[in-house]
2 protein chains.
Amino acid sequence: MTAPSLNVLSQHCPSHRVLEMVTGKWSVLVLYALRGRTLRYSELEGTIGGISQKMLTQTLRELERNGLVERTAYPVVPPRTEYRLSPLGESLNRIVTDLGLWAQDHMPAVLAARQDYDRRHSK
Amino acid sequence: MTAPSLNVLSQHCPSHRVLEMVTGKWSVLVLYALRGRTLRYSELEGTIGGISQKMLTQTLRELERNGLVERTAYPVVPPRTEYRLSPLGESLNRIVTDLGLWAQDHMPAVLAARQDYDRRHSK
DNA sequence: CTGCATCCGCGATGATACTG
DNA sequence: CAGTATCATCGCGGATGCAG
């Protein structure tokens with residue numbers, strides 16, 4: 001049982017801020033891409049469709065700051081920087097994976113519901 | 001096994017759009033609040049901290065459009081409108097619950113990592 | 001290659017007032 | 001009670017240029 005004082009729905013509860021980490025536009029995608037593997041900066045950029053350099057860097061910094069991602073920079077030329085999930089980040093692995101699977105599995109149902117809704121509200 | 005063509009990381013894949021549904025700022029909180037129970041509009045407003053009428057209505061409409069939430073309006077005075085998760089919405093129940101639990105359980109670790117990061121990058 | 005700095009447009013969001 | 005309408009703003013996020 002979780003203490004009642006820990007309420008993610010309360011905007012002042014710290015756990016609420018923690019949840020904001022995941023609700024970012026790109027955070028989940030980065031976490032998803034890094035599951036169980038190490039990727040270089042450019043590999044992440046290529047793997048995640050439509051992300052800009054700025055947002056990728058910004059998201060990685062935020063995830064690193066929150067202890068979900070570990071960064072390793074090799075002082076060579078050309079530079080080589082690798083990113084991987086920390087143990088804390090890996091603890092989100094199952095949830096992120098499930099979320100991705102849910103999105104794929106229920107995509108048809110969502111699209112159908114959307115068409116249905118739009119049709120019923122257009123006339 | 002999921003077909004390779006279904007890739008949430010690809011911005012053009014429909015499942016990517018489905019994922020965006022959940023990454024909204026308020027969507028997860030509404031889904032979390034509605035798990036296994038029916039709530040009135042004003043109850044949702046009171047339950048979710050810091051949400052404005054506009055955002056609550058907008059989020060509910062979006063969730064309804066995507067088939068995750070069912071709306072029932074009773075034509076009485078004063079008006080009474082109830083919201084609950086559809087079967088499709090309930091299929092997200094476990095994931096949303098796990099996400100909330102994760103946020104609460106790992107909140108200390110995240111806060112610690114944050115302090116650590118800030119301290120190491122301030123000097 | 002891996003970033004950081006800067007500018008800037010626009011959409012998401014919030015506050016407020018009003019309605020059935 | 002359960003919204004809708006309008007307006008103001010604020011920060012996200014894209015584009016570009018530059019550095020180590």
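Throughout, protein chains are lettered first and strands after them, A, B, ... in sequence-line order, and every chain is numbered starting at 1.
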S.K.: Calculate the interatomic distance between E43(B) atom CD and dG3(D) atom C1'; express it in whole Å.
M.R.: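 Answer to the nearest Å: 16 Å.
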S.K.: For H121(B) and dG3(C), give me the distance from atom NE2 to atom P, rounded to whole Å.
M.R.: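 Roughly 12 Å, once rounded to whole Å.
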S.K.: Choosing from dC1(D), dA2(D), dG14(D), which nucleotide comes nearest the side chain of S42(B)?
M.R.: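 Closest nucleotide to the S42(B) side chain: dA2(D).
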S.K.: Quick one: which of dG3(C), dT13(C), dC1(D) gets closest to the side chain of M55(B)?
M.R.: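 Closest of the options to the side chain of M55(B): dT13(C).
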S.K.: Relative to Y32(A), does R35(A) satisfy both conditions: NZ or CZ under 6.0 angstrom from the six-membered ring centre, and within 45 degrees of the ring's axis?
M.R.: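 Verdict for Y32(A): a cation-pi partner in R35(A).
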S.K.: Salt bridge or not between R84(B) and E82(B)? Use side-chain N to carboxylate O under 4.0 Å.
M.R.: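 Result for this pair is no, no salt bridge flagged.
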S.K.: Could you state the CD-P distance from Q58(A) to dA5(C), rounded to the nearest angstrom?
M.R.: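 For the pair Q58(A) CD and dA5(C) P, the rounded distance is 12 Å.
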S.K.: E64(B) side chain to R61(B) main-chain N or O, any donor-acceptor pair under 3.5 Å?
M.R.: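 Checked: no pair found.
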S.K.: Looking only at side-chain atoms of P78(A), point me to the closest of dG3(D), dC4(C), dC1(C).
M.R.: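 Ranking dG3(D), dC4(C), dC1(C) by closest atom to the P78(A) side chain puts dC1(C) first.
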S.K.: Could you check how far CD1 of I51(B) sits from P of dG3(D), rounded to whole Å?
M.R.: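 These atoms are roughly 13 Å apart.
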S.K.: Any side-chain N or O of R71(A) under 4.0 Å from OP1/OP2 of dG3(C)?
M.R.: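 True: R71(A) side-chain N/O within range (under 4.0 Å) of dG3(C) OP1/OP2.
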S.K.: Rounded to whole Å, please give me the gap between CG in L44(B) and C1' in dA2(D).
M.R.: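 Computing the L44(B):CG to dA2(D):C1' distance gives 12 Å.
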S.K.: Output the single nucleotide from dC1(C), dT4(D), dC4(C) whose closest atom is nearest the side chain of R40(A).
M.R.: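 Of all the options, the side chain of R40(A) is nearest to dC1(C).
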S.K.: Rounding to a whole Å, what distance do you find between Y74(A):OH and dG3(C):P?
M.R.: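 The distance from OH of Y74(A) to P of dG3(C) comes to 13 Å, rounded to the nearest Å.
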S.K.: When the nearest nucleotide of DNA chain D is assigned to E82(B) and to G50(A) on a heavy-atom basis, which residue is associated with the more 5' position?
M.R.: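 Looking at DNA chain D, the more 5' nearest nucleotide goes with E82(B).
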S.K.: Which comes earlier along DNA chain C counting from the 5' end, the contact point of P79(A) or that of R61(A), where each point is its nearest nucleotide?
M.R.: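 Counting from the 5' end, the first nearest nucleotide belongs to P79(A).
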S.K.: What nucleotide among dG13(D), dT4(D), dG3(C) has an atom nearest to a side-chain atom of K25(A)?
M.R.: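 Of the options given, the side chain of K25(A) lies nearest dG13(D).
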S.K.: Between T81(A) and dG3(C), is there a side-chain N or O to OP1/OP2 distance below 4.0 Å?
M.R.: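 Answer is yes, contact under 4.0 Å.
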S.K.: Tell me the interatomic distance from E62(B), atom CD, to dG11(C), atom C1', rounded to whole angstroms.
M.R.: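 Going from CD in E62(B) over to C1' in dG11(C) covers 15 Å.
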S.K.: Rounded to whole angstroms, how far apart are CD1 on I48(B) and C1' on dG14(C)?
M.R.: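 Value for this atom pair: 16 Å.
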S.K.: If only side-chain N and O atoms of Y41(B) are considered, is one of them under 4.0 Å from the OP1 or OP2 phosphate oxygen of dT4(D)?
M.R.: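 Answer is no, no contact under 4.0 Å.
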S.K.: Students often get this wrong, so: under 4.0 angstrom with heavy atoms, is E45(B) touching a base, only sugar-phosphate, or nothing?
M.R.: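 Nothing: the residue E45(B), judged by heavy atoms under 4.0 Å, touches no strand.
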S.K.: Report the residue from V8(A), L92(A), L99(A) that forms a side-chain contact (heavy atoms from CB on, under 4.5 Å) with L99(B).
M.R.: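 With L99(B) as partner, V8(A), L92(A), L99(A) yield a single side-chain contact (heavy atoms from CB on, under 4.5 Å), made by L92(A).
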S.K.: Donor-acceptor pair, N66(B) side chain versus L68(B) backbone, under 3.5 Å?
M.R.: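 Here the side-chain-to-backbone pair does not exist.
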S.K.: If you take all heavy atoms of S15(A) and A103(B), which pair is closest and at what distance?
M.R.: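 S15(A) and A103(B) have their closest heavy atoms at O-CB, 3.8 Å.
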S.K.: Does a nitrogen or oxygen in the side chain of T57(A) sit under 4.0 Å from OP1 or OP2 of dT2(C)?
M.R.: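 For dT2(C), OP1/OP2 do not have a side-chain N/O of T57(A) under 4.0 Å.
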S.K.: Taking for each residue the nucleotide of DNA chain D with the nearest heavy atom, is it K54(B) or W26(A) whose nucleotide lies nearer the 5' end?
M.R.: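 Taking each residue's closest nucleotide, the earlier one in sequence belongs to K54(B).
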